[in-house]
Asker: 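Have a look at this one.
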There are 2 protein chains.
Amino acid sequence: MTRGRPRDTAIEGRLLAAAAEELRRGGYEGLSIDRVAERAGVAKTTLYRRWASKAELVVALIASMREEIPFEPSDDPRGDLTTLVVTIAAGLSSTPTSLIADLAAASARDPRVGESVRALWADRHGAVTAVVAKAQQAGIVLSHVAPAVLVDQLVGPLYYRLLVTGEPLTPDYARTLMLSVLGPEESP
Amino acid sequence: MTRGRPRDTAIEGRLLAAAAEELRRGGYEGLSIDRVAERAGVAKTTLYRRWASKAELVVALIASMREEIPFEPSDDPRGDLTTLVVTIAAGLSSTPTSLIADLAAASARDPRVGESVRALWADRHGAVTAVVAKAQQAGIVLSHVAPAVLVDQLVGPLYYRLLVTGEPLTPDYARTLMLSVLGPEESP
DNA sequence: TTATTTACGCTACCGCCGTAGCGTAAATGC
DNA sequence: GCATTTACGCTACGGCGGTAGCGTAAATAA
């Protein structure tokens with residue numbers, strides 16, 4: 001088949017495991033490529049044959065650790081949206097802020113990293129967009145503004161608080177965002 | 001008065017000027033402390049006696065370059081808000097994205113840097129908050145949501161697009177955000 | 001078996017941020 | 001004048017991310 005010496009398939013897993021431990025201990029900043037390679041029992045050059053940069057390694061690591069959000073849309077778009085936004089807020093605030101910020105910085109520097117990072121959040125944001133569109137069709141959202149904008153106004157403030165103002169992301173805050181975008185619930 | 005050899009007051013200005021040139025050429029990442037010191041004709045240690053890190057140097061530089069937003073609130077809160085949000089969006093998108101992202105990352109790592117960075121945006125965000133509160137008092141905004149949340153939903157999406165989704169910040173987008181938060185204008 | 005191709009380990013290196021230590025310059029207090 | 005204090009320049013260093021080059025190991029093709 002392929003010509004030369006095959007890649008040692010066990011190495012990638014060992015590197016990711018070593019990187020996970022490093023990330024857990026010292027965050028993005030404290031993760032040292034040299035230590036990851038040493039911990040995995042591998043030369044640093046071997047690591048760089050798999051990922052082109054520290055950022056790409058970390059993105060691959062996060063992608064490998066990530067579990068899907070189990071989300072089943074119900075007949076209650078308002079409740080669904082609340083669940084989603086609260087879940088996203090919880091996920092963000094349980095992740096070290098500096099990690100999110102460093103990924104954003106790496107994304108800004110390297111478009112390829114940016115693509116990978118956006119793919120990490122894509123499922124969550126896609127789910128929110130779908131539910132918002134559904135709510136709008138059902139007449140629950142009165143606004144005629146494009147769903148993408150409403151999503152930005154639900155999710156954007158979470159990142160804004162996290163990365164810019166440093167304020168906490170509480171479930172209450174997420175629910176307040178919801179209220180503000182959807183308007184008060186009509187009593188039936 | 002003070003006992004020892006006095007600081008050379010000219011050095012700080014030369015360092016900031018050198019840093020500005022470096023930042024202009026290569027952005028945050030391309031700004032090298034060694035080169036800044038060399039360009040200013042000063043030892044690197046002298047630079048570190050003034051700012052504790054590259055991040056603090058850059059924050060001080062931006063603070064020194066920053067001009068106030070000339071903003072005079074009129075009797076038209078809706079127009080004022082539009083102006084403010086469009087201006088903020090323009091300012092953000094005219095700044096290199098990586099600079100904003102790197103400042104956010106530095107803020108997450110070092111709380112002192114975070115304080116300084118937040119102070120950079122404070123005037124803009126304060127102005128927005130003031131106008132939003134005024135609009136709410138005037139009954140222009142129907143929502144009873146706290147002004148701070150509305151501000152987050154006006155400004156947060158800008159940072160969100162810039163740092164996370166990578167979408168452009170057009171004046172139209174800013175106006176759409178406004179529309180979504182304030183609701184459609186009532187015809188008089 | 002032999003040539004070729006690819007992977008791996010190793011060493012050395014570059015530029016980077018940030019720190020330590022030391023000699024010296026410039027000010028004040030006596 | 002003289003001790004003290006602070007600023008400055010300089011050198012050296014450590015750890016970092018990332019790259020280049022080389023010898024060698026492991027596979028395939030002939």
Side-chain angles (χ1 to χ4, degrees), chain A residues 1-16 18-19 21-23 25-61 98-99 102-103 105-110 112-113, chain B residues 1-16 18-19 22-23 25-61 98-99 101-103 105-110 112-113:
Chain A
M1 295 284 288
T2 42
R3 282 292 299 269
R5 170 179 179 175
R7 283 212 171 162
D8 185 334
T9 54
I11 287 182
E12 180 168 326
R14 289 216 310 277
L15 280 170
L16 287 177
E21 179 62 16
E22 284 280 318
L23 190 65
R25 292 198 187 190
Y28 187 93
E29 193 190 13
L31 182 150
S32 148
I33 295 286
D34 292 79
R35 275 200 306 270
V36 168
E38 189 192 356
R39 187 184 291 272
V42 150
K44 185 166 65 161
T45 46
T46 297
L47 187 155
Y48 275 103
R49 282 185 194 102
R50 291 175 171 64
W51 302 282
S53 67
K54 175 172 170 174
E56 296 206 353
L57 165 64
V58 172
V59 171
L61 169 62
S98 63
L99 178 56
D102 283 316
L103 288 182
S107 299
R109 280 198 278 263
D110 184 340
R112 291 174 49 217
V113 172
Chain B
M1 295 287 289
T2 42
R3 281 292 300 269
R5 170 179 178 174
R7 283 210 172 167
D8 185 335
T9 54
I11 286 182
E12 181 169 326
R14 289 215 309 276
L15 280 170
L16 287 177
E22 285 280 318
L23 191 66
R25 292 197 188 191
Y28 187 95
E29 193 190 11
L31 183 151
S32 150
I33 296 286
D34 292 79
R35 275 201 305 272
V36 168
E38 188 191 356
R39 188 185 290 272
V42 151
K44 187 167 63 161
T45 45
T46 298
L47 187 155
Y48 275 103
R49 282 185 193 103
R50 286 168 174 70
W51 301 281
S53 67
K54 175 172 169 173
E56 296 206 353
L57 165 64
V58 172
V59 171
L61 169 62
S98 63
L99 177 55
D102 283 315
L103 288 182
S107 298
R109 281 200 276 263
D110 183 342
R112 292 174 49 217
V113 172

Asker: Distance check needed: D:dC8 C1' versus B:R14 CZ, whole Å only.
Answerer: 12 Å
Asker: Nearest-Å distance, CZ (A:R5) to C1' (C:dA7)?
Answerer: 5 Å
Asker: Which distance, rounded to the nearest 0.5 Å, do you find between the CZ of B:R49 and the CG of B:L47?
Answerer: 10.5 Å
Asker: A:R7 vs A:E12, test: salt bridge (charged side-chain N to carboxylate O under 4.0 Å, His left out). Steps then yes/no.
Answerer: CA-CA 9 Å; A:R7 283 212 171 162; A:E12 180 168 326; 5.8 Å; no
Asker: Would you give the length of the straight line joining atom CG of A:L15 to atom CH2 of A:W51, rounded to the nearest 0.5 angstrom?
Answerer: 5.0 Å
Asker: Measure across B:A19 and B:L31 and return the closest heavy-atom pair with its distance rounded to 0.1 Å.
Answerer: O-CD1, 3.6 Å
Asker: Per the atom types in the model, does the base of D:dG18 pair as donor or acceptor with the side chain of A:K44 at under 3.5 Å?
Answerer: yes
Asker: Can you tell me if A:R50 uses its side chain to pair, donor with acceptor, with the backbone of A:T46 under 3.5 Å?
Answerer: yes
Asker: Once hydrogens and angles are ignored, does a donor-acceptor distance under 3.5 Å link the base of D:dT6 to the side chain of B:R3?
Answerer: no
Asker: Under 3.5 Å, is there a donor-acceptor pair between the side chain of B:R35 and the main chain of B:G30?
Answerer: yes
Asker: Does B:R35 have a side-chain nitrogen or oxygen under 4.0 Å from the phosphate oxygens OP1 or OP2 of C:dC16?
Answerer: yes
Asker: Identify, residue by residue, the members of residues 45-56 of chain B with a heavy atom below 4.0 Å from DNA chain C, and return them in order of residue number, or none.
Answerer: B:T45, B:Y48, B:S53, B:K54
Asker: May I ask you to verify if any side-chain N or O of B:S32 is less than 4.0 angstrom from the OP1 or OP2 atom of C:dC17?
Answerer: yes
Asker: Could you tell me the separation between the CG atom of B:D34 and the P atom of D:dC13, rounded to a whole number of Å?
Answerer: 16 Å
Asker: Please state how far atom CD in B:E38 lies from atom P in C:dC17, giving the value in whole angstrom units.
Answerer: 13 Å
Asker: Provide the closest heavy-atom pair for A:L16 versus A:L61 in the form atom of the first, atom of the second, distance.
Answerer: O-CD1, 3.5 Å
Asker: Nearest-Å distance, CG (A:L31) to C1' (D:dG17)?
Answerer: 11 Å
Asker: What about B:R7: does its side chain form a donor-acceptor pair under 3.5 Å with the base of D:dA7?
Answerer: no
Asker: Just how far, in rounded Å, is C1' of D:dC16 from CD of B:E29?
Answerer: 14 Å
Asker: Return the value, rounded to whole Å, for the distance between atom CD of B:E12 and atom C1' of D:dA7.
Answerer: 14 Å
Asker: What's the CD1-P distance between A:I11 and D:dA25, to the nearest Å?
Answerer: 16 Å
